[in-house]
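Worksheet for the structure shown next.
Note that the structure is predicted; figures quoted are calculated from it, not measured. Atoms within a ligand are numbered from 1 in the order they appear, just like the ligands themselves.
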Amino acid sequence: MTPFEIAMPTSLREATGLLDPEDPTIRVMSGGTALMLMMKTDVFHPTRLISLRKIEETASQMGLLPDGRFRIGGMCTLAQMEHNDDLAAFAPVIRQTMRMLANVRVRNVATIGGALSHGDPHMDLPPVLVALDAIAVTEGPEGSREIPVAELHAGYYETVLNGDELIREVIIPAQDARRMTYLKCTTRAVKDWPALGVALTGVFEGDTLEDPRLVIGSVAETPIRVDEAETVIKGRSLTDKVIREAGEAASANVETIPDELGSAAYKSQLVRVYVERALRAVANQTV
Ligand SMILES: Cc1cc2nc3c(=O)[nH]c(=O)nc-3n(C[C@H](O)[C@H](O)[C@H](O)COP(=O)(O)OP(=O)(O)OC[C@H]3O[C@@H](n4cnc5c(N)ncnc54)[C@H](O)[C@@H]3O)c2cc1C
């Protein structure tokens, strides 16, 4: 392994100052789970890693804000998110997702900042946060900006973050009576990387589903919000016929790409089946 430097800043501002937007071999390290895999497989050779371990405490804290939104510091681990009862009450889909994500060793160290910035399309959290309409708040030399998670991923392992910008925190708007679910298909072990993930949230008014957000992950380069299927279900009651139509609409309109977990045709079938299952899951939820 080529030698590299490790920096240990104590504030996010100091950390961003150590980044160089022109040099991709300088990266921040949060949990290090993704970076270590890339280094072990010789895909990434850093010259400097900037550890966020000693960063200010607020970066690893979470809680309800006075205005009803929920704030999660960028260094919060996935395990912290899994075990936080306030977050589970605010958005139960997050605990549901964590229990299927990797294993306890990974969740104990991987962070929400790393999970969003890595840009690997085979991640469980990004589609869920898109369906919750979450916002990533960044820290950079020019100050901070708010990026909807729906706009954060630009392509395969690509985000819209600048090279000297970090995710400081994630803010989730109040969900009120919104129902939500995340379903994941794995083709090897249950907690494996997803071959497909479907996140769905929506508000029921009587029998009809309003303001649905249906997001599919792991079948293309970025999470995809499926407008065509949302149009099918919006304002309608979820009868078997409507559910089947929505599954067909999703399958017909999501352009899947093949990977080691399945062919494009297989993934299109998964989209149809799992969209139907997600719709049945929210229809059967009691709140
Ligand atoms: C064995 C194993 C199984 C896994 N299974 C799954 C799975 O089933 N589902 C799933 O979703 N994921 C899975 N993962 C991936 C895991 O979720 C990611 O590795 C993890 O979320 C990355 O977070 P981290 O804090 O470790 O990031 P790091 O490895 O520290 O960083 C990853 C990338 O993000 C950048 N980065 C880190 N923090 C920030 C920040 N705050 N702001 C800006 N950039 C930042 C780094 O520079 C780097 O480029 C698995 C990983 C492993 C090792």
Side-chain angles (χ1 to χ4, degrees), residues 4 6-7 9 11-13 15-16 18-21 23-41 43-53 55-56 58-60 72-82 94 96-129 136-140 144-145 147 149 152-153 157-170 182-197 199 217-218 223 261:
F4 58 89
I6 291 200
S11 70
L12 282 174
R13 181 150 293 268
T16 56
L18 290 164
L19 284 163
D20 177 350
D23 186 349
T25 68
I26 301 178
R27 296 263 189 110
V28 290
M29 179 169 68
S30 289
T33 57
L35 280 175
M36 290 304 144
L37 273 187
M38 293 196 297
M39 288 162 67
K40 279 192 206 158
T41 49
V43 174
F44 175 57
H45 304 109
T47 55
R48 180 193 293 159
L49 290 181
I50 302 158
S51 168
L52 298 185
R53 275 289 156 84
I55 227 76
E56 60 252 50
T58 51
S60 49
I72 305 172
M75 280 295 286
C76 284
T77 64
L78 305 187
Q80 270 177 281
M81 292 169 66
E82 175 183 357
I94 292 190
Q96 180 196 357
T97 304
M98 291 308 170
R99 291 188 169 159
M100 300 181 260
L101 193 156
N103 56 57
V104 70
R105 295 181 306 281
V106 171
R107 294 198 299 274
N108 276 343
V109 284
T111 63
I112 187 169
L116 286 179
S117 312
H118 188 40
D120 180 342
H122 299 94
M123 308 273 280
D124 293 297
L125 210 46
V128 172
L129 290 172
V137 183
T138 67
E139 173 90 22
S144 83
R145 54 182 184 134
I147 306 172
V149 177
L152 185 66
H153 297 98
Y157 287 88
E158 257 184 69
T159 68
V160 299
L161 293 172
N162 297 326
D164 52 1
E165 216 174 18
L166 299 179
I167 293 186
R168 187 178 75 201
E169 60 199 20
V170 172
Y182 177 69
L183 300 182
K184 162 176 183 170
C185 172
T186 58
T187 48
R188 298 178 294 211
V190 173
K191 293 184 178 177
D192 198 4
W193 302 80
L196 159 135
S218 306
L261 300 173

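Distances from atom 52 (C) of ligand 1 to the heavy atoms of L35, V106, I55 show the closest one on V106. Looking at T33, L161, T138, it is T33 that brings a heavy atom closest to atom 20 (C) of ligand 1. Here atom 30 (O) of ligand 1 lies nearest to S30 when heavy atoms of G74, S30, C76 are compared.
Paired with R168 under the rule side chain to side chain contact (heavy atoms under 4.5 Å, CB included), one option of T16, L12, T58 passes, and it is L12.
Considering only non-hydrogen protein atoms, atom 28 (P) of ligand 1 sits nearest to G32 N, 3.5 Å. When hydrogens are left out, the protein atom nearest atom 5 (N) of ligand 1 is A102 CB, 3.3 Å; that is the closest non-hydrogen contact. Of the protein's non-hydrogen atoms, the one nearest atom 41 (N) of ligand 1 is I167 O, 3.2 Å. Protein heavy atom in closest approach to atom 45 (C) of ligand 1: S117 OG, 3.3 Å. Nearest protein neighbour of atom 13 (C) of ligand 1, counting heavy atoms only, is W193 CZ3, 3.4 Å. The nearest heavy-atom contact from the protein to atom 49 (O) of ligand 1 is R27 NH1, 2.8 Å. For atom 47 (O) of ligand 1, the closest heavy atom belonging to the protein is V28 O, 2.6 Å.
Contacts with ligand 1 closer than 4.0 Å are made by heavy atoms of both the backbone and the side chain of D124. Heavy atoms of L37 found under 4.0 angstrom from ligand 1 belong exclusively to the side chain.
Where the criterion is an N or O separation shorter than 3.5 Å, residue side chain and backbone included, M100 fails it with respect to ligand 1.
Without hydrogens or angle criteria, K184 side chain to M100 main chain gives a donor-acceptor distance under 3.5 Å.
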